[in-house]
Amino acid sequence: MDEHLKKQIEEFREKTEKFSKGEINVAEYKSFSGKFGSYAQRGAKTGMLRLRLAGGQLSKENFKSLIDLCEKYDINHIHCTTCQTFQLHDLPFNIIADVITDAIENGFYCIGGGGDFPRNVMVSPLSGVEKDENFDVFPYAQKAADYLISQIETVKMPRKLKVCFSNSPANAVHATFRDLGFVSRPDGKFDVYCAGGMGANPRMGVKIAEKTDGTQVLYYVKAMISFFCKYGNYEVRSKARTRYIQEELGDEFTEKFNIELHKALDEGGLDCNITENKVTKIGCKAEINSRRIIEQKQKGLYAVKFHPIGGILNVNILKDLFDTIRDMPDVSLRISPDETIYIINCDGMEAQEVLKATECSAKTDIEESVACIGASICQQGLRDSQELLKQIIEKVKPFNFPADALPVLHISGCRSSCGTHQIGKIGFHGKVKMIDKKPLPGFAVSISGNDEQGNENFGEELGVMASDDIPEFVIELGKAVTESGMDYEKFASEKESVLREIINKYV
């Protein structure tokens, strides 16, 4: 760390101490602490810290450093986020500055993890190893991540900026509806989308370029920052996201963006020359008898899918996993935007060992549900998404439904869509349910969300369910799907009227 950064962290330490003593209010502290990837948790008794992990990639060395950090500061509440990184929770205020310092010194850059700054650059989680991908987009994402970090101290944007790279039409990182998305093509080039986003007033992105050469990636990033600063709303925070610029500029949107792009190209100096990441490990075939083992495009190598329930981890789980992969050559981790961890580059025997070490993983589609951290921790949250997911899984388990009878649910505690409820086959977000003129905890339910490239769709909201009724709704749905002999996806397509009838009984 340079002296400037050390000075900033000391300023953070002082502000945090004042906040913990009640000398600074929540709003004032949040406007300052977000830059360091830290926020106060609900109740203002403890805080959280969000790390930056470009593309969600974690080497074994970084993984060990994370475990050491958690053990040193007794951190045992860790959440995999939908932005492909880890959040460390329940931190006493008097240690957060020290955790930030140690994290940075061990390769986890926290600055810009929150607040009005470029966020963690996202990448399709199996980029470079996935069968049928267009090409490996990770090297481009790493360049973009480095560039964005260099801009944190030089640019004041209206709000946060999310940049992502997709390696295939699966569109796992939602590149066609993020602030700036690079979508790979079979010809080795990118289509570029911008000014999309989920949350309040969601928007699909605008396609601003086709067949863009990878060497130009950083010029688009620079242009997007300039474009956002020029046309973003600095006055009304609720409208200070790039998606609102679509409405503001209308038909002139692409023309205005291209003006900023041509300026960046004329200034030059940002050609993106990348070195291909080659996996040289020699694998060995294995009999695949688990839905959690995925064949890579490299012959004889596999990725193991590990989805902690609700994305929640503790140190003992991480230690067991690290002890398992410690001596496995070239094995590393990738965090996915659906809170899954992939352990990649395993040979057949290693994959079986990793499978055993992650037995606590979700085993059915509904256990792979995505949930934000929820209102018990989040200052913004309205409802406790983690508790809802816990209740659903506990009450569904005795019925032993087939693994694909119920879908992956996407649960957000509020409209912000940190649980990506808007692209879920079934999505929930926190709301109030009025019954006999009395407000009760509830969640709005939506169906038919889709993030697949070419079929993108935000879910249709059908009403609000009382929180206590949702597990019973899920059980009734599971029974109907199981009795039909179909999986959920086929059931929702062929018996949509039945699905709607079941939902209407609870809204």
Side-chain angles (χ1 to χ4, degrees), residues 81-84 119 122 124 159-164 166 168-181 183 191-208 238-248 250 253 336-339 365 368-372 380-383 385 388-389 407-431 442-465 470 473 477 488-489 491-493 496 499-500 503-504 507:
T81 78
T82 52
C83 285
Q84 288 187 289
R119 295 299 177 81
M122 298 173 65
S124 300
R159 287 286 297 277
K160 57 192 171 186
L161 183 75
K162 295 183 178 181
V163 178
C164 59
S166 174
S168 78
N171 200 21
V173 291
H174 316 141
T176 55
F177 48 98
R178 291 285 189 182
D179 294 308
L180 181 63
V183 177
D191 290 340
V192 186
Y193 293 76
C194 73
M198 292 182 279
N201 301 307
R203 290 273 192 147
M204 292 295 169
V206 177
K207 185 191 280 190
I208 53 171
S238 63
K239 291 190 175 182
R241 291 299 304 274
T242 63
R243 58 184 177 271
Y244 291 96
I245 302 176
Q246 287 193 46
E247 184 178 341
E248 180 71 23
F253 183 94
S336 170
D338 65 0
E339 302 174 340
D365 287 354
E368 292 180 5
S369 293
V370 178
C372 69
Q380 298 268 110
L382 182 64
R383 298 286 172 247
S385 47
L388 176 62
L389 178 58
V408 172
L409 306 176
H410 290 249
I411 309 173
S412 301
C414 68
R415 295 174 70 199
S416 294
S417 205
C418 293
T420 59
H421 64 270
Q422 285 156 320
I423 51 87
K425 292 181 174 65
I426 296 181
F428 293 100
H429 75 274
K431 265 200 167 181
F443 284 82
V445 59
S446 56
I447 62 170
S448 305
N450 195 339
D451 55 1
E452 182 184 10
Q453 186 182 335
N455 296 304
E456 300 94 330
N457 182 60
F458 296 132
E460 175 189 358
E461 190 171 317
L462 299 180
V464 181
M465 294 185 184
I470 293 175
F473 153 68
L477 178 60
Y488 175 80
E489 193 164 349
F491 179 89
S493 174
E496 183 181 340
L499 170 63
R500 289 175 178 268
I503 290 173
N504 287 337
V507 299

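We number each residue from 1, following the sequence as shown.
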Look at atom CD of Glu452 and say whether more than 12 heavy atoms of other residues, nucleotides or ligands are closer to it than 6.0 Å.
yes
At their closest point, which heavy atom of Ile411 faces which heavy atom of Ser385, and how far apart are they?
CG2-CB, 3.4 Å
Going by the salt bridge (charged side-chain N to carboxylate O under 4.0 Å, His left out) test, name the single residue among Arg159, Lys162, Arg241 that passes it with Asp179.
Arg241
Distance check, rounded to the nearest 0.5 Å: Leu388 atom CG versus Leu409 atom CG?
8.0 Å
Contacts of type side-chain hydrogen bond (donor to acceptor under 3.5 Å, both in side chains), residue Gln380, not counting sequence neighbours:
Lys30
Look at the side chain of Glu456 and the backbone N and O of Gly454, then say whether any donor-acceptor pair between them is shorter than 3.5 Å.
yes
Taking all non-hydrogen atoms of both residues into account, name the closest pair between Cys164 and Ala175 and its distance.
SG-CA, 3.4 Å
Without placing hydrogens or testing angles, list every side-chain donor-acceptor pair under 3.5 Å for residues 195-207, not counting sequence neighbours.
{"unit_1": "Asn201", "atom_1": "ND2", "unit_2": "Tyr244", "atom_2": "OH", "d": "3.0"}
{"unit_1": "Lys207", "atom_1": "NZ", "unit_2": "Glu210", "atom_2": "OE2", "d": "3.0"}

Rounded to the nearest 0.5 Å, the CD1 atom of Ile470 sits from the CG atom of Leu389 at a distance of 11.0 Å
Could you pull out all residues at least two apart from Asp365 that satisfy salt bridge (charged side-chain N to carboxylate O under 4.0 Å, His left out)?
Arg291
To the nearest 0.5 Å, what is the distance between CZ (Phe473) and CZ (Phe428)?
5.0 Å
Just jot down the side-chain hydrogen bond (donor to acceptor under 3.5 Å, both in side chains) partners of Ser336, sequence neighbours excluded, or say none.
Asp338
Asn171: which residues meet the side-chain hydrogen bond (donor to acceptor under 3.5 Å, both in side chains) condition with it, sequence neighbours left out?
Thr176
Of the non-hydrogen atoms in Ser124 and Val173, which two are nearest, and what is the gap between them?
N-CG1, 3.6 Å
Rounded to the nearest 0.5 Å, how far does OH of Tyr488 lie from NZ of Lys425?
8.5 Å
Any donor-acceptor pair under 3.5 Å from Ser416 side chain to Cys418 backbone:
no
Under the rule for salt bridge (charged side-chain N to carboxylate O under 4.0 Å, His left out), what residues qualify as partners of Glu496, not counting sequence neighbours?
Arg500
For a quick test of reading the model, state the closest non-hydrogen atom pair linking Leu462 to Ile503 and the distance between them.
CD1-CD1, 3.7 Å
Test of understanding: with ring pair (Phe, Tyr, Trp, His ring centres under 6.0 Å), list the residues that count as partners of His174, not counting sequence neighbours.
Phe177
Residues which pass salt bridge (charged side-chain N to carboxylate O under 4.0 Å, His left out) with Arg415, listed by chain and number, not counting sequence neighbours:
none
To the closest 0.5 Å, what do you measure between CZ (Arg119) and CG (Leu161)?
10.0 Å
Contacts of Ser412 meeting side-chain hydrogen bond (donor to acceptor under 3.5 Å, both in side chains) (sequence neighbours excluded), chain-then-number -> His421
Please round to the nearest 0.5 Å and tell me the distance separating atom OG1 of Thr82 and atom CD1 of Ile423.
9.0 Å
Any residue meeting salt bridge (charged side-chain N to carboxylate O under 4.0 Å, His left out) with Asp451, in chain and number order, not counting sequence neighbours
none
According to side-chain contact (heavy atoms from CB on, under 4.5 Å), who are the partners of Ala444, at least two apart in sequence or on a separate chain?
His429, Lys431, Glu461, Val464
Results of side-chain contact (heavy atoms from CB on, under 4.5 Å) for Cys194 - residues two or more places apart only:
Leu180, Ile208, Met224, Phe253, Phe257
I need the minimum non-hydrogen distance between Cys372 and Gly419, along with the two atoms involved.
CB-N, 3.9 Å
Using a 4.5 Å cut-off on heavy atoms from C-beta on, say whether the side chain of Arg178 contacts that of Val163.
no
Indicate the atoms forming the closest heavy-atom contact of Glu368 with Val408, along with that distance.
O-CG1, 3.6 Å
